[in-house]
Amino acid sequence: TNGTGKSASVLAFSFTGLICVDPNASLDSSLEANFSVLNSTSTGKFVNSTGTGQINILTNGTDAYLAVLGEIQLGKP
């Protein structure tokens with residue numbers, strides 16, 4: 001929520017990828033995706049931000065693991 005005199009800044013992303021389910025494991029699944037910063041829909045402090053990369057999320061039904069590789073350059077309005 002916004003406070004008095006404050007407004008939210010939004011960093012928008014686009015994700016494109018697959019959800020993979022391991023047929024040999026009962027609960028294992030992963031998300032492998034490319035991401036891109038959407039500077040046209042980012043607002044506030046992030047309006048001129050750019051970046052791309054890859055994100056991998058693996059879960060075994062109990063724990064989740066995250067790996068990210070890429071670069072994000074935060075812009076100034």
Side-chain angles (χ1 to χ4, degrees):
T1 60
N2 296 337
T4 303
K6 305 271 184 177
S7 61
S9 294
V10 176
L11 182 59
F13 288 92
S14 170
F15 291 92
T16 305
L18 303 172
I19 296 178
C20 304
V21 178
D22 185 346
N24 299 314
S26 62
L27 297 174
D28 290 359
S29 60
S30 66
L31 169 67
E32 299 174 359
N34 294 319
F35 71 83
S36 178
V37 173
L38 300 174
N39 59 2
S40 61
T41 42
S42 295
T43 63
K45 296 178 182 179
F46 303 123
V47 74
N48 294 319
S49 299
T50 62
T52 59
Q54 297 174 331
I55 185 169
N56 297 309
I57 303 171
L58 171 68
T59 180
N60 60 10
T62 304
D63 301 308
Y65 304 93
L66 173 68
V68 179
L69 175 64
E71 182 176 326
I72 298 174
Q73 296 176 337
L74 300 177
K76 294 182 181 179

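Index from 1, following the sequence. The figures that follow rest on heavy atoms only: side chains count, while hydrogens, waters and symmetry mates do not.
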In Å, rounded to the nearest 0.5 Å, how long is the span from OG1 of T50 to CG of L38?
->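 Separation between the atoms: 11.5 Å.
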Identified side-chain contact (heavy atoms from CB on, under 4.5 Å) counterpart of S42 within the set V10, L11, V47, N48 | L11
Exam field: side chain T43 to backbone S9, donor-acceptor pair closer than 3.5 Å | no
Sequence neighbours left out, what passes side-chain contact (heavy atoms from CB on, under 4.5 Å) with I72? Give chain and number order.
->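 Per chain and number, I72 pairs via side-chain contact (heavy atoms from CB on, under 4.5 Å) with F13, F35, V37, L74.
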In this structure, CG of N60 is separated from OH of Y65 (nearest 0.5 Å) by 5.0 Å
Positive for side-chain contact (heavy atoms from CB on, under 4.5 Å) with L66, one of L31, I55, T59 |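 Of the listed options, the one satisfying the test is I55.
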Kindly write out the residues that satisfy side-chain contact (heavy atoms from CB on, under 4.5 Å) with T52, not counting sequence neighbours, or none if the list is empty.
->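 S36.
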